[in-house]
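Worksheet for the structure shown next.
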Amino acid sequence: MKSSAKELKHLVVEKRAFIDPAVQAQWMAKKYVWIPDENHGFIAASIKSERGDEVTVQLSDGRTTTINKEEIQKMNPPKFDKVEDMADLTYLNEASVLHNLRDRYFSGLIYVSLPY
């Protein structure tokens, strides 16, 4: 039984842009992580340096901060953005699950597919 594109618009994400090797390489070079944030739960940052248990990260607005290594959570590559089955995530952590749910919700992808 084949589903139409209209029926799947709240279930399926077009993945071609996420699988682009150039995008993946650029992402890998930045060492992205999630760090705790009082207002948003977690925010994206990139690792600039590591010294013992301390990690210096740069936030998307350009600010840098130092945080304990135990507090950071690894970020999944862009090919996992808006993934339908979160068990597919490379890093299945609290920040990644919240990000995926938020991303899917704001994109109108509020449903998940279930096997028949």
Side-chain angles (χ1 to χ4, degrees):
M1 187 167 144
K2 190 149 177 129
S3 299
S4 72
K6 186 177 180 182
E7 291 172 334
L8 296 176
K9 81 175 195 175
H10 294 293
L11 297 174
V12 179
V13 175
E14 178 58 53
K15 292 289 188 182
R16 274 181 270 164
F18 300 122
I19 299 174
D20 180 5
V23 172
Q24 295 295 322
Q26 180 183 13
W27 183 88
M28 292 296 285
K30 296 262 186 179
K31 296 184 184 178
Y32 283 109
V33 294
W34 295 109
I35 63 168
D37 180 74
E38 282 186 27
N39 298 323
H40 302 286
F42 295 92
I43 56 175
S46 61
I47 296 176
K48 291 299 170 195
S49 65
E50 296 182 47
R51 186 181 212 176
D53 287 343
E54 299 290 311
V55 177
T56 302
V57 296
Q58 183 173 17
L59 308 177
S60 58
D61 63 7
R63 292 180 296 139
T64 59
T65 187
T66 302
I67 190 166
N68 188 296
K69 192 181 270 189
E70 297 289 320
E71 295 182 54
I72 64 172
Q73 296 183 29
K74 293 189 176 186
M75 187 182 287
N76 288 288
K79 70 180 181 179
F80 292 106
D81 283 354
K82 301 176 189 169
V83 70
E84 297 157 30
D85 184 353
M86 285 193 259
D88 292 339
L89 294 173
T90 302
Y91 303 111
L92 187 59
N93 53 46
E94 183 181 3
S96 293
V97 168
L98 289 173
H99 170 72
N100 192 56
L101 289 172
R102 183 183 310 125
D103 219 10
R104 287 184 61 81
Y105 177 81
F106 286 117
S107 297
L109 299 166
I110 57 175
Y111 304 106
V112 294
S113 57
L114 299 173
Y116 288 100

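Being a predicted model, the structure only gives us computed values, none of them experimental.
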With side chains defined as the heavy atoms from C-beta onward, is the minimum distance between [X] and [Y] less than 4.5 Å?
| X | Y | answer |
| --- | --- | --- |
| Lys82 | Ser107 | yes |
| Ile72 | Pro36 | no |
| Val97 | Met86 | yes |
| Thr64 | Leu59 | no |

Side chain to side chain contact (heavy atoms under 4.5 Å, CB included) between Leu101 and Arg104, intermediate numbers included:
CA-CA 5 Å; Leu101 289 172; Arg104 287 184 61 81; 5.8 Å; no
Hey, quick one: are Ile43 and Val33 part of the same hydrophobic cluster, counting side-chain heavy atoms closer than 4.5 Å, chains of contacts allowed?
yes
Hphob cluster co-occupancy, Val57 + Tyr32, side-chain heavy atoms under 4.5 angstrom
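No, it is not one cluster - the side chains of Val57 and Tyr32 are not joined through contacts under 4.5 Å.
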Mind listing the side-chain donor-acceptor pairs of residues 46-55 below 3.5 Å, one per line with the distance, residues two or more places apart or on another chain?
from: Lys48; atom 1: NZ; to: Gln58; atom 2: OE1; distance (Å): 3.3
from: Glu50; atom 1: OE1; to: Lys69; atom 2: NZ; distance (Å): 3.2

Apply side chain to side chain contact (heavy atoms under 4.5 Å, CB included) to Trp34 and Lys74, showing your working.
CA-CA 6 Å; Trp34 295 109; Lys74 293 189 176 186; over 6 Å; no
Name the one of Asp88, Thr90, Asn93 that satisfies side chain to side chain contact (heavy atoms under 4.5 Å, CB included) with Asn76?
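That would be Thr90; it is the only one of Asp88, Thr90, Asn93 passing the side chain to side chain contact (heavy atoms under 4.5 Å, CB included) with Asn76.
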Return the CD to CG distance between Gln73 and Leu98, rounded to the nearest 0.5 Å.
8.5 Å
Say you draw a straight line from CG of Leu89 to NE2 of His99; how long is it, rounded to the nearest 0.5 Å?
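Reported to 0.5 Å precision, the distance equals 9.5 Å.
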Is there a side chain to side chain contact (heavy atoms under 4.5 Å, CB included) between Thr65 and Ile35? Walk through the geometry before answering.
CA-CA 10 Å; Thr65 187; Ile35 63 168; 4.2 Å; yes
